[in-house]
Structures are given as C-alpha cells and as structure tokens.
Student: 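Can you keep this structure in mind? I'll have questions shortly.
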Amino acid sequence: MSDEVQIEVNGRNQAVPAGQTVRGLLDSLGLDPRLVVVELNRQVVRSTEQDEVELSNGDRLELVNFVGGG
Amino acid sequence: MSDEVQIEVNGRNQAVPAGQTVRGLLDSLGLDPRLVVVELNRQVVRSTEQDEVELSNGDRLELVNFVGGG
Amino acid sequence: MSDEVQIEVNGRNQAVPAGQTVRGLLDSLGLDPRLVVVELNRQVVRSTEQDEVELSNGDRLELVNFVGGG
Amino acid sequence: MSDEVQIEVNGRNQAVPAGQTVRGLLDSLGLDPRLVVVELNRQVVRSTEQDEVELSNGDRLELVNFVGGG
Amino acid sequence: MDGDTLTIAGRQFTSRLIVGTGKYATHEQTLEAVQASGAEMVTVAVRRVNLDATASESLLHVLDPSAYVLLPNTAGCYSADEAVRYARLGREAGLSDWVKLEVLGDEATLLPDVAGLLEATEILVAEGFKVLAYTNEDLITALRLQDLGVAAVMPLASPIGSGLGLLSPLWIRLLKSRLEVPVIVDAGVGTASDACLTMEQGVDGILMNTALAEAERPVQMASAMRLAVQAGRLAYLAGRMPRREWGVPSSPATGMLD
Amino acid sequence: MDGDTLTIAGRQFTSRLIVGTGKYATHEQTLEAVQASGAEMVTVAVRRVNLDATASESLLHVLDPSAYVLLPNTAGCYSADEAVRYARLGREAGLSDWVKLEVLGDEATLLPDVAGLLEATEILVAEGFKVLAYTNEDLITALRLQDLGVAAVMPLASPIGSGLGLLSPLWIRLLKSRLEVPVIVDAGVGTASDACLTMEQGVDGILMNTALAEAERPVQMASAMRLAVQAGRLAYLAGRMPRREWGVPSSPATGMLD
Amino acid sequence: MDGDTLTIAGRQFTSRLIVGTGKYATHEQTLEAVQASGAEMVTVAVRRVNLDATASESLLHVLDPSAYVLLPNTAGCYSADEAVRYARLGREAGLSDWVKLEVLGDEATLLPDVAGLLEATEILVAEGFKVLAYTNEDLITALRLQDLGVAAVMPLASPIGSGLGLLSPLWIRLLKSRLEVPVIVDAGVGTASDACLTMEQGVDGILMNTALAEAERPVQMASAMRLAVQAGRLAYLAGRMPRREWGVPSSPATGMLD
Amino acid sequence: MDGDTLTIAGRQFTSRLIVGTGKYATHEQTLEAVQASGAEMVTVAVRRVNLDATASESLLHVLDPSAYVLLPNTAGCYSADEAVRYARLGREAGLSDWVKLEVLGDEATLLPDVAGLLEATEILVAEGFKVLAYTNEDLITALRLQDLGVAAVMPLASPIGSGLGLLSPLWIRLLKSRLEVPVIVDAGVGTASDACLTMEQGVDGILMNTALAEAERPVQMASAMRLAVQAGRLAYLAGRMPRREWGVPSSPATGMLD
C-alpha cells in the first residue's frame with residue numbers, strides 16, 4: 001500500500017508506515033536511543049538527527065550497540 | 001614316591017626323578033644350556049658344573065636368559 | 001681534449017679515448033668479461049653487445065661480479 | 001702466673017684471671033649475654049649456667065651470634 | 001611504584017592492565033572480573049542489536065562508562081574498509097574517538113593483516129581517531145604504525161585466545177627499545193607468569209581477555225593478573241640480579257667455627 | 001585468597017614468601033626489604049661474634065624477633081656433624097627449635113649432599129628440631145626426608161645465588177604431587193616471573209635472598225616478589241585457561257553487519 | 001630417506017641445506033665448508049668489481065657453477081627498486097633467473113620490509129624470476145608471497161647472523177602447514193641442534209651462512225650441519241614418540257625373579 | 001671426527017650412541033633398528049625363561065654377541081641386593097662383567113634410589129664389575145659414584161620413557177665439567193634434536209630405547225638418532241658461533257652500487 005515503505009533492518013525486510021522517522025522506528029522496536037547507534041545506508045545517523053530523518057523505500061538500516069568483546 | 005624329588009622352577013612346583021642333574025633338567029625342558037643361566041637356591045650354577053650338581057628336595061631354581069630391555 | 005670522453009666507473013671519474021667500447025674498457029681494466037656484469041646508465045649491457053656499445057661523455061658504468069654472500 | 005688461665009676464644013689464645021666465669025668473660029668483652037651464644041669445648045653453655053661455669057686452662061670457647069644469611 | 005603511570009594519547013592510567021569483556025558467563029561475572037583486575041580501560045565489541053531478545057540488560061548498564069574507559073574494537077573485521085566502518089560506529093556509540101584497531105588476515109589464526117592495518121590506520125588517524133593498533137611482532141610494521149600516528153602499538157604475545165604466553169621475548173624487547181609510543185602486548189597471555197614475564201620485557205602494559213574469561217575461576221584469575229602485571233613492572237624497574245651458572249652463598253663465608 | 005594460609009609444623013603463615021637476610025648493603029636496607037617483601041619468617045646465619053668490631057648494632061636490634069620468625073640456617077656446613085653443631089647453637093641463640101638445614105656437598109655449586117642431609121635430619125628430628133631441609137630436585141630423597149619427619153622439603157629451583165630461575169618445573173610439580181609436607185622452593189629464583197612461575201607449579205612457598213639483595217633496587221624488588229608470589233599462588237588456585245595452537249576470538253562471531 | 005628430495009621451481013635437490021658464501025677467511029675455506037655441508041645450492045652477493053685489487057681469484061673460479069647452483073641474493077637492499085636492480089644484475093652474472101630476494105627494513109636487525117618485499121616480488125615474478133623470498137614469521141605475508149608466485153618462502157628463525165636459533169617453532173609449523181610452496185628457513189640458526197629442531201617442524205630446508213663461517217672450525221661445523229639437517233628431516237618423517245610426564249620401563253615388567 | 005672415539009673401561013667405541021632392545025614389535029625390527037642406529041653396544045634385560053613358550057627364537061640368535069657388546073641391565077630392581085643378584089646373573093649369561101646398574105626408587109617415575117645405587121656400586125665394583133650407573137642429575141652423587149670406581153656415570157635427561165628431552169642442560173654440562181669418567185646421558189631423549197642438543201653439552205654419549213621403539217617408524221628414527229648424535233658431537237667439537245641479539249649481515253657491506 002502507498003502508505004507503507006519497505007526497509008531492511010539488521011538484514012531483515014520490514015514494512016514501516018510512510019513518513020516514519022528513524023527515532024520512530026527505534027521507539028516502535030522498544031530500543032533506547034542512548035544505547036543504540038543507527039547506520040542508514042552506510043551513513044551514521046547522529047541521535048540528534050534521528051527525529052528529522054524519514055525512512056524511504058529500500059533503506060537499509062543497521063542498529064548496533066556495544067557487547068562484550070576483547 | 002621315594003624316587004622323585006620336589007623342586008621349584010621359576011616359581012612353580014615340579015617333580016623330577018631322584019638324582020637328576022641341573023643339566024638333565026635343562027635337557028628335559030628343551031632349553032639350550034648356552035642361552036640359559038641357572039640360579040640354584042640363590043647361587044649361580046656355572047654351566048661347567050651343571051652335570052655334577054644333583055637336585056634335592058626343596059631346591060629352588062631360577063632359569064633366566066637375556067630378553068630385550070633398555 | 002676532444003678525443004677523450006669523461007665517464008664514471010664504479011663511482012670514479014675516468015677519461016677514456018673517444019670511441020672506446022664497453023668491451024674495450026673491460027680489456028683496458030684487465031677484467032674478464034665472463035666474470036663481470038656491466039650496467040651502463042642503469043641498463044644492463046649484455047656481453048654480446050659489449051663490442052658495439054661505445055662510451056659517451058657522462059656515461060655512468062657499474063662493473064659488478066659475484067662475491068661471497070649469504 | 002698461677003692466677004691466670006690460658007683459654008682460646010673464637011680461635012685466639014687469651015689469658016683470663018683464674019676463677020673467671022663465662023659470664024665474666026662476656027662482660028669483660030663487652031658482649032650482651034642475650035645476643036651471644038657460648039659454646040665451651042663443643043658444649044653449649046646455657047645463659048642460666050654462665051655464672052657458675054668457671055674457665056679452666058685450655059678451654060676452647062666459641063662465642064656466636066646471628067648475622068644476616070640466606 | 002608511585003608516579004609510575006601509563007600515558008596513552010595524553011590520558012593517564014594507573015593500571016597497566018587492560019581487559020576485554022568477551023566470553024564471560026554473565027554480565028555480573030564480567031563486572032566482578034573487571035573490578036578484580038583493577039583495569040581502568042576495557043574493550044568492547046560493536047555488534048547488531050538483537051531484535052529478537054526480550055529487552056536484556058545492556059552491557060553499558062553494567063559497565064558504567066563514567067567508571068571505565070570503554071575501548072571499542074574492530075574485532076572480526078577482515079578488511080580496512082570494514083574496520084573503518086566499525087570504528088566509526090564505535091565512536092558514535094561510545095562518544096569517544098579511541099579504537100582498538102584489528103584488521104585480521106586469517107580466520108584460523110586471527111593474525112593481523114598488516115597491509116590492511118596500515119591502510120585503516122591512515123584513514124582513522126586522519127579522522128581524528130586515537131588508534132591502538134593490534135599487530136604482529138614485526139618491528140618494521142610497528143615503526144610504520146608509529147610514523148602514521150598511532151596512539152599505541154599492540155603486538156601479540158601469541159595467537160588471540162591461545163594462552164601460549166610470550167613466544168618471543170626478543171621481538172617484544174626489540175619493539176619496546178625502538179618505539180616511542182606505548183607498547184601494549186595484546187593477545188596470547190595465558191596465566192600470571194606470562195603476564196609477569198611480559199612486563200619484565202619493559203613494555204608499557206598488557207591487554208587480555210580469554211586468560212580471565214576461560215580460567216576456571218575468572219574473578220580469582222583477574223586478581224592474579226592484576227598482581228602479576230604490577231610485579232612484572234616493579235621487577236623491571238627494580239633491575240634484576242645478574243645470572244650465573246654457579247653457586248654463590250647468601251650467608252657469610254667468614255666467621256665459621258673451628 | 002582469604003584463608004589460603006601456609007602451615008609449617010603447626011605454625012600458620014599468611015605470606016608464602018620467606019626471605020634471607022644476607023648480602024644487603026646495610027641493616028636498614030635489610031629491614032626495608034624484609035618489610036617490603038611481606039615475609040613473616042626470615043633466615044639468619046650463625047657466625048662468630050666479631051671481637052674486633054667496635055660494638056656494632058646487632059641484627060636482632062633491627063629484626064625484632066617478636067615481629068618475625070627467625071629461622072637459623074646451617075649455611076656453610078659441609079658435613080652432618082658440622083650442621084648439627086650449628087643447628088644447636090642456632091636453637092640456643094633463637095630460643096626456637098626451627099632450623100633451615102643445609103648440608104652442602106660442593107663449594108662451586110653449593111649443591112646439597114643428600115646423604116649428609118638425611119643423616120643430620122635424623123639426628124635433629126630426634127632432638128626435637130623442626131627441620132626445613134634444603135635439598136635438590138630428587139623425589140626419592142624428598143620422600144626419605146618426609147619419612148624422617150622434616151617440617152618442610154625445600155628443593156632448589158637452580159643453584160643458590162645463580163638467579164637462573166626454575167630449571168625444571170616438572171621435577172617441582174612432581175615433588176609437590178607426591179609429598180604431604182609443605183614444599184618450599186629454595187634458591188635460584190632470579191626475578192618476579194621466576195617466582196610467579198614457581199608458585200604456579202602448586203608449591204607452598206618460596207625462600208629467596210640473592211634475588212632481592214643483588215637487585216639494583218632491593219626494596220623495590222622485594223615488593224615485586226611479594227606480588228609475584230601472591231599472583232602465582234592465585235593463578236594456581238584460579239585454574240589457568242587451556243592452551244591451544246590456534247586463534248579463538250574473544251568477541252562474538254555473530255551479529256556482524258552486512 | 002631415498003626419494004625424499006626437495007623440489008624448488010621444478011629443480012630437484014637431494015640436500016635440504018643451502019649455504020651462504022660470506023664471511024669465510026679464504027676462498028679455500030669457503031669451498032671446503034661448502035663441500036662438507038653437502039649443499040647443492042649456494043648463495044652469492046652482487047657487488048662492484050674492486051678496481052684497485054691486483055687480479056684476485058674470482059669466487060667463480062673456486063665455486064664451479066657447473067657443480068653448484070649459484071643463488072644470487074639482494075642482500076643490503078633497502079627498497080624494492082634497489083632489490084630489483086641487484087636481481088637483474090645477478091641474473092646477468094649467473095645466467096640464471098633464480099634470486100634470493102631480500103628487501104630489508106632496518107639496519108640494526110636486518111628484518112625484512114614486507115611491503116617492499118611484496119612490491120619487488122610482483123615485479124620480478126613478472127620478469128620471469130624464480131623468487132625465493134626472505135621474510136619474517138608472518139603467515140599472512142607468506143600467503144601473499146605464495147599468491148604472487150614465489151618459488152619458495154624463506155622465513156627467518158631469528159635475526160640474520162644472531163645465532164639465536166628457532167625463536168618460534170609455532171610460527172614456522174604454522175607457515176608450513178598452510179603453504180604449498182616450499183618453506184626454507186633462512187637466518188638465525190646457530191648450531192646443529194637448532195638446525196635439527198627446525199627441520200623437525202616439517203619445513204623443506206634451511207639456508208645458513210654465519211653459523212658455519214663464524215664457528216671456531218667452520219668446515220667441521222659444516223659437516224655437523226649436514227648431518228643435523230638430515231637427522232631432523234628423518235626424525236620428522238619417522239614420527240617421534242609421544243611425550244609423557246612420568247616414567248615407562250623399557251624392560252619387561254614380567255619375568256622378574258622371586 | 002676421525003679418531004674421536006669413546007673409551008669406557010678401556011674399551012673403545014666409534015659410535016657414541018648406545019641403544020636398548022626393549023619394546024620393539026619383533027626381533028627383526030629390533031635388529032634393523034640396532035643396525036640403523038650404528039650402535040656398537042646394546043642393553044639387554046635379565047628375565048626368567050618362559051617355560052610355556054614353544055621354543056621361540058632367543059634374542060641372542062638375533063643379536064650376535066660377537067657383533068655387539070651386550071650390556072646387561074638391572075632394570076626393575078628396587079634394592080641394592082636385588083640389583084646385585086641380577087648383575088651376577090647377567091654376568092653369567094653374557095660372560096662379561098659389564099653391567100648397566102639401575103636401582104630404582106619409585107615405580108611411577110623410575111627415578112634412581114641414589115643411596116641404593118651407591119651401595120650396589122660398592123659391592124659390584126669389588127666383585128670386578130664394570131659398572132655403568134644410571135643416576136639422576138645430582139653432581140654430588142655423580143662424584144661419589146666416580147670415587148667408588150664406576151666405569152661411566154649415566155645421568156637421566158628426563159624420566160625413563162618420557163620423551164621429554166633434556167630438562168636441564170645446565171646440570172648435564174656441570175656433571176661433564178666435573179667428572180673424569182665418561183658421562184653417558186641415559187633416558188628421556190625423545191627425538192633427534194634432543195639427542196643433538198644433549199651431545200652439544202659435551203657429554204660422551206647417549207643411551208636410548210623408547211625414542212626408537214615407540215617412534216612411528218623405529219628404524220627410520222634409529223637412523224635419525226645416529227646422525228643426530230654425530231651432528232651434536234661435531235658441533236660441540238667445532239665450537240658454535242657467538243649469540244647476538246641483533247642482526248649481522250652475511251654479505252659485504254661494501255661495494256654497493258651508487
């Protein structure tokens with residue numbers, strides 16, 4: 001439907017409402033923006049910009065965080 | 001019977017004819033005197049003496065030879 | 001004088017008669033062409049070519065051979 | 001003279017007044033009995049006995065103490 | 001050891017031990033081990049959020065970033081580009097421009113690809129990163145890394161996770177003697193004596209993870225490593241006795257009885 | 001490590017490091033090094049009073065016998081009789097029946113004469129001494145010493161004063177695995193990693209002297225040794241990670257980006 | 001060992017020992033040592049003719065090129081260009097396209113500059129050279145060299161001329177297990193046991209020079225090395241016994257007397 | 001190595017390798033391995049004739065006593081008396097007064113009981129035996145054995161059958177430097193480099209059994225050991241190069257091009 005856009009999040013296809021912002025996506029996924037870094041089409045999206053940036057068809061997002069590592 | 005004597009050879013009891021010599025015992029066991037050393041009651045019996053020495057009741061013999069060892 | 005050319009051999013300046021060939025130089029230095037490799041202005045001069053190649057002013061030659069090394 | 005006895009202390013010959021005790025010797029040498037152990041003719045002399053024991057001609061004494069060691 | 005501090009990229013550390021946070025049984029064990037180790041800087045990895053997980057506690061809730069310097073790594077990256085990408089995400093996540101740079105060349109050994117490492121280092125230093133570069137024992141590569149402006153050179157003692165200890169004290173001593181930037185030995189230390197011996201080569205510090213996480217009692221081993229690193233450092237500064245192939249008494253040869 | 005104490009002949013020690021008091025520059029340095037080492041027991045030698053000396057301060061004025069267990073040794077003795085004689089004098093001087101028994105067999109190496117050692121041990125144990133026996137790496141001799149009732153077996157790591165460290169971890173592990181009495185490694189330790197490695201073999205403690213006294217900075221090395229012994233003990237108790245000849249990542253292999 | 005031959009770039013060798021010809025007292029000693037070593041290939045350096053020398057005997061008069069494969073090296077070169085230049089001159093002098101390629105990165109250690117090495121390798125392989133590449137212990141670099149088409153990878157055992165032997169058997173075993181081209185250990189071997197141990201890692205051969213030339217009796221050491229390389233190779237092929245930390249009798253436990 | 005022979009009790013040997021004959025799969029393999037080893041003296045054990053066996057071929061039919069010096073051992077004996085009894089039987093069987101004397105102190109390690117060894121040595125030397133005494137690394141015991149008149153001192157490299165190689169080169173060098181009788185290292189050698197390294201300590205020879213018998217290919221390992229012992233001996237005589245912690249070129253530094 002025209003009021004949905006298809007995106008890929010961490011390697012999975014997902015549909016989100018048209019006009020949804022990055023921050024909106026994080027909220028819908030129940031993720032704490034202070035603990036998650038967003039990469040949109042290979043570009044880091046600063047948390048300060050997450051409200052402005054709207055998702056478009058074919059966007060590829062990577063949501064990452066720190067885990068234990070050596 | 002009086003014409004037998006009880007001896008021990010390499011830890012086993014055995015009866016031999018009265019008057020049997022050490023050499024006789026080796027022959028009866030099919031052992032080559034040049035390859036076997038005889039210890040009779042803790043004393044080595046030289047091969048040259050094996051014809052003379054007669055076995056008596058309760059004699060304890062050890063018949064030994066060389067085997068592979070490091 | 002005009003019938004001499006100035007060259008450099010193994011880092012030393014030297015004057016040779018005009019028209020002298022590489023082979024001629026080796027002979028004048030008493031060097032056995034089979035044991036020496038000639039580099040003229042950074043280019044190897046095959047022994048087969050040493051008769052043809054004439055030396056010109058400013059030519060830089062390296063005469064090398066095998067020595068003991070690991 | 002008859003009122004002296006010859007003894008050996010830590011390998012050195014020494015003359016002491018006749019009737020001198022072990023404790024007397026230590027005092028004369030300015031040694032603190034609590035820090036020194038006395039061996040008289042190969043026998044340890046307890047500090048409690050040092051007043052009684054008198055020195056005789058030919059006595060061999062070793063006066064030892066603790067020093068740094070590993 | 002008062003005043004004997006470690007300075008990397010202008011930041012001062014009292015502890016010369018840096019620990020990783022991988023492979024522990026629980027977040028709690030991770031924290032206990034980190035605390036027992038006395039480390040002031042800990043490494044973390046950058047990975048995808050697990051979208052299936054029911055909100056599990058984040059590592060950052062356990063490791064207070066105000067209490068520890070978090071050092072993001074690029075573990076698992078096999079090219080300069082990939083490592084640069086992870087470094088940038090790590091910077092965003094940690095709000096710090098420090099990175100432990102790994103560019104691996106082989107999955108079986110996890111040995112560094114020094115060509116890729118130099119390439120990524122150049123890019124990241126230009127972007128203002130403080131690069132702590134995981135490398136091999138090669139002095140020539142280490143000198144290049146220093147020329148490129150790394151904050152620290154981190155040669156391996158032996159393969160990552162091998163526990164084989166310090167394979168070549170000579171190479172490590174050589175690196176230290178020729179470099180001006182800090183030398184932090186990274187990977188391969190297996191037990192306390194390895195850490196002690198490594199510090200005795202004069203290096204500035206050690207980074208370890210598996211030796212703690214895979215010990216039978218990780219927290220206890222973390223304490224052991226804290227002490228071992230201090231002991232090795234102190235022994236290096238104290239100057240060891242000479243070696244001799246014969247005996248020398250420690251008690252006086254004089255004053256023996258007759 | 002709470003409660004991990006060392007018990008010798010019924011007496012409990014918190015520190016597993018015993019130090020000698022020989023070869024220091026001054027009494028003051030001796031005391032500082034002993035304090036820095038954290039040792040609770042120190043060895044002393046029995047020697048003639050120096051009759052020529054202007055009343056010099058006695059070692060006992062420096063090392064308060066109420067603060068430290070003084071362990072007299074029989075250093076420098078080359079026969080059972082001689083060692084027994086020194087042991088008896090030491091007992092009188094220290095008002096204690098503990099003795100570090102040395103019966104040496106060779107002046108160049110200071111190696112023990114195990115025959116003489118067994119002979120002297122038998123006599124002294126019968127006289128009620130608590131014998132801590134300096135011996136070589138031989139298990140058979142060590143078992144005999146235990147049968148004779150020694151309080152501790154003290155095998156060498158390498159020659160006295162050599163600083164060569166632990167020549168044969170195998171022999172020492174073997175001794176420890178077969179003996180019930182405490183095993184205190186005595187002699188040869190040269191630097192902190194030697195001490196750490198030695199403790200990792202599972203032994204009960206270490207006795208050293210030259211490694212401290214001949215270090216460039218003895219007091220600092222004493223601190224290093226205190227930490228190294230603790231580190232090695234803790235690592236032994238913690239249980240080291242397994243060794244592998246390949247690499248194993250310390251960061252997750254999953255969750256990588258596309 | 002019949003049929004156990006070494007093949008490099010299609011040429012078969014019976015001997016797995018390659019020797020250098022530098023640092024000998026005389027040409028005669030060089031020849032005697034080479035003969036005693038049993039080597040079939042020897043390295044030589046390319047240097048300027050000495051124009052001041054009264055016609056001295058050339059090395060080629062001593063080392064008959066029909067009797068030995070002469071392998072020109074690029075020793076002393078610190079850049080890819082320089083090494084390529086020497087390689088070309090060497091080819092002309094030896095009428096052979098084999099070269100032992102050295103691109104050094106540091107005068108104090110003579111360690112290879114692996115970046116320059118890879119660069120020079122690419123050029124020389126394209127010109128049809130058979131490149132035997134002197135490199136460090138790094139597997140990743142060795143794999144690159146193999147991809148570029150070298151005839152053999154020649155990792156160091158320890159620094160050139162150091163005589164420190166095989167610093168890291170692990171790295172060398174690793175290289176051998178992962179490469180298809182021959183692995184010839186080059187540099188660092190100091191004595192016969194070093195050579196034997198090195199061959200036991202499974203490598204294809206060893207190149208040495210200083211260990212012979214600087215021995216007190218070079219020719220005798222050359223014989224020792226010939227035997228040691230054979231012994232190590234045979235032991236590798238024979239398959240060593242397992243290691244155990246306890247004793248196992250070599251004589252029967254049965255058949256004992258009462 | 002011409003003229004470099006080993007002399008024990010007045011008998012001269014060209015080979016410095018002595019091998020045992022235990023643990024082989026067959027008599028044939030035993031013979032092949034002995035031949036490949038180049039040994040001139042082989043050890044044998046004294047055991048009861050197996051009265052149940054159908055006349056099996058005797059070892060003496062395989063090992064021609066006129067071709068090899070047979071050295072009876074007292075393996076498996078745990079007291080001086082027992083060892084003396086086996087030695088006497090061995091003398092009768094071999095019509096030779098040579099004996100490899102073993103008096104063991106522990107079944108798990110097969111370590112020698114030096115007290116029992118000294119006791120048995122005294123008895124056997126008095127009876128005219130040529131005693132080759134298996135002992136540990138202890139110099140003091142070795143000096144006693146020499147004083148008692150042994151023909152050779154045979155210290156272990158590591159436990160019998162362990163294959164751990166030479167645990168302490170220092171102790172072995174020390175023994176050799178202080179003894180006049182031959183020093184033959186007995187037990188523990190596992191592979192060729194162990195044998196080579198052992199001979200480089202200057203000892204007179206090596207006795208081994210398990211390293212050959214338990215190799216995957218015993219006969220091939222026997223050849224390897226023959227070469228390794230020769231290589232180590234030659235290297236010792238040749239005098240190794242000095243060790244350095246830096247690089248030294250083997251090619252001339254002069255004569256480089258502009």
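A note on names: the letters A, B, ... follow the listed sequences, proteins ahead of strands, and every chain is numbered from 1.
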Student: Donor-acceptor check, side chain of E/Ser250 to backbone of D/Gly69, threshold 3.5 angstrom: yes or no?
Tutor: no

Student: Give a yes or no on whether D/Glu52 atom CD has more than 12 heavy-atom contacts from other residues, nucleotides or ligands under 6.0 Å away.
Tutor: yes

Student: Quick one: which of E/Gly255, E/Pro252, E/Pro249 has the most heavy-atom pairs under 4.5 Å with chain D, could you say?
Tutor: E/Pro252

Student: Looking at CZ of D/Arg12 and CG of E/Asp258, how far apart are the two atoms once the value is rounded to the nearest 0.5 Å?
Tutor: 11.5 Å

